[in-house]
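This one's a predicted model, so the numbers in the text were calculated from it and none came from an experiment. Whatever order the structure lists ligands and atoms in, that order sets their numbers, starting from 1.
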Amino acid sequence: MERVEKFLKEAGTYYLATVEGDQPRVRPFGTAHIINGKLYIQTANTKDVSKQIHANPKVELCAFKDGQWLRVAGELVSDDSHEARQAMLDAYPSLQNMYSADDGITEVLYFKNATATFSSFTAAPEVVKF
Ligand SMILES: Cc1cc2nc3c(=O)[nH]c(=O)nc-3n(C[C@H](O)[C@H](O)[C@H](O)COP(=O)(O)O)c2cc1C
């Protein structure tokens, strides 16, 4: 899981796909941080992406860096603890311009039943589950 976090942080941007009915939805994301042994992302509960995840927690993300791409497929679980929200905001100080831990909008979610696959054109895929 640390390798996945490192890749996502170094890539800077990844693309998070959700489903809405039978329509895939995708957008750029940047937050990825391990808190208490789980890989979290951050969003706002006012966004469509949050509403889609609450309706169907299955997501997949993809990031590309240095000739390698990473896909993480799994489910996202919303964590309503102040500590988790604060830890994410501490890890991404720039978010504090927009959010605070108890603003009622900030949401953090962690991956469950995740399969991460590192791929490239030159090596066999490597799979990590967490
Ligand atoms: C580079 C980049 C990184 C982003 N990271 C995040 C993020 O970590 N969390 C988030 O909620 N929105 C992030 N955004 C903004 C979302 O992409 C944007 O709010 C998007 O419209 C949300 O999807 P939705 O419209 O389907 O709800 C980021 C945007 C960019 C350009």
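In this structure Asn113 satisfies the side-chain contact (heavy atoms from CB on, under 4.5 Å) test together with Glu75, sequence neighbours excluded.
For ligand 1, the protein residues placed under 4.0 Å by at least one non-hydrogen atom are Thr13, Arg27, Pro28, Phe29, Gly30, Thr31, Gln42, Thr43, Lys47, Asp48, Val49.
Annotation: Asp90, atom CG; neighbour count of heavy atoms from other residues, nucleotides and ligands within 6.0 Å is above 12. Within a 6.0 Å sphere centred on CG of Asn97, other residues, nucleotides and ligands contribute more than 12 heavy atoms.
When ring centroids are compared, Phe118 and Phe7 come within the 6.0 Å threshold.
For residues 67-102, the pairs satisfying ring pair (Phe, Tyr, Trp, His ring centres under 6.0 Å) are Trp69-Phe121, with sequence neighbours left out.
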Please table the atom pairs, donor to acceptor, closer than 3.5 Å between any side-chain atom in residues 122-130 and protein atoms at least two apart or in another chain.
residue : atom : partner : partner atom : Å
Thr122  : OG1  : Ser120  : OG           : 3.2
Glu126  : OE1  : Arg3    : NH1          : 3.1
Glu126  : OE2  : Arg3    : NH2          : 3.3
Lys129  : NZ   : Thr115  : OG1          : 3.2

